[in-house]
Amino acid sequence: MSKSVATDSNKDHGAIRKVIASIPRGRVASYGEIAARAGLPRRARLVGRVLRDAGDAAKLPWHRVLRADGRIAFAPGNRAFREQRARLIDEGVGVKAGRIDLARYGWQRNIDEEIWRL
DNA sequence: ACATTGACTCGCG
DNA sequence: GCGCGAGCCAATG
């Protein structure tokens, strides 16, 4: 092994991937929230970069990652957008006009919401 | 070394 | 809802 990680994974990327991997099925989280949980507050953009680098082969639940306002980060209608929407709906997450109700499906949602569900 | 670009976020008007 | 500016910072040219 030569050097270290010029283009490979560094500590931050690993921490971020780990957080993303732990988002429960049927729940979603924002880029900023993920960054914060990875110990990197205000580094939402890094989360996006990690996901882009990772690609589909990384086996990460990238579709559970949304913008802070609950919207899908991709442009409505494009390929990635439709794929993400389909995956979310497939695991029971409600998507209305490219929007997800974070109070209901957010990883850090209010517990009371769940109680009122059934 | 400098400028631009983003799977981002927040505050203000 | 929309646009702007600022903060953020690794990658890219």
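Numbered from 1 within each chain, the chains take letters A, B, ... in sequence-line order. All values below were derived from every heavy atom in this structure, side-chain atoms included, with hydrogens, water molecules and symmetry-related copies excluded.
As rounded to whole Å, 18 Å separates atom P of B:dA7 from atom CZ of A:R17. One can place CG of A:D69 at 11 Å from P of C:dC2, the figure rounded to the nearest angstrom. Atom CD1 of A:I34 and atom P of B:dC8 are 12 Å apart (whole Å). Spacing between atom CD1 of A:I16 and atom P of C:dA10 amounts to 11 Å, rounded to whole angstrom units. Between the CD atom of A:E33 and the P atom of C:dC8 there is a distance of 21 Å, rounded to whole Å. Rounded to whole Å, the distance from CD1 on A:I20 to C1' on B:dC8 is 13 Å. Atom NE2 in A:H13 sits about 10 Å away from atom C1' in C:dA11, given to the nearest Å. One atom, OH of A:Y31, and another, C1' of C:dA10, lie 16 Å apart when rounded to the nearest Å.
Looking at residues 70-83 of chain A, you'll see A:A73, A:F74 sit with a heavy atom under 4.0 Å from some atom of DNA chain B. Of the residues in residues 45-53 of chain A, those with a non-hydrogen atom less than 4.0 angstrom from any atom of DNA chain B are A:R45, A:G48, A:R49, A:L51, A:R52.
Residues satisfying the side-chain hydrogen bond (donor to acceptor under 3.5 Å, both in side chains) criterion with A:R71, sequence neighbours excluded, are A:D69. A:A36 pairs by the side-chain contact (heavy atoms from CB on, under 4.5 Å) definition with nothing, not counting sequence neighbours. Every residue meeting the side-chain contact (heavy atoms from CB on, under 4.5 Å) condition with A:A58, not counting sequence neighbours, appears here in chain and number order: A:A54, A:L60. Every residue two or more places apart in sequence or in another chain that forms a side-chain contact (heavy atoms from CB on, under 4.5 Å) with A:P24 is listed here: A:R27, A:W107. For A:R42, there are no side-chain contact (heavy atoms from CB on, under 4.5 Å) partners two or more places apart in sequence or in a different chain. Under the side-chain hydrogen bond (donor to acceptor under 3.5 Å, both in side chains) criterion, A:R52 pairs with no residue at all, not counting sequence neighbours. In this structure A:W62 satisfies the side-chain hydrogen bond (donor to acceptor under 3.5 Å, both in side chains) test together with A:D56, sequence neighbours excluded.
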Protein-nucleotides 10-13 of chain B N/O pairs closer than 3.5 Å?
none

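Remark: the separation of the C1' atoms in B:dA1 and C:dG13 is 13 Å, to the nearest Å. If you take atom C1' in C:dC8 and the same atom in B:dG6, they sit 11 Å apart, rounded to whole Å.
Here the side chains of A:K18 and A:H13 are not in contact, with every heavy-atom distance at 4.5 Å or above. Counting heavy atoms from C-beta on, the side chains of A:V65 and A:I23 come closer than 4.5 Å. Here the side chains of A:V19 and A:V47 are not in contact, with every heavy-atom distance at 4.5 Å or above.
With C:dG1, C:dC8, B:dA7 as the choices, the nucleotide that has an atom nearest any side-chain atom of A:R42 turns out to be C:dC8.
The side chain to side chain donor-acceptor pair (under 3.5 Å) analysis of residues 86-100 of chain A, with sequence neighbours excluded, yields the pairs A:R25-A:E91, A:H63-A:E91, A:R64-A:E91, A:E83-A:R87.
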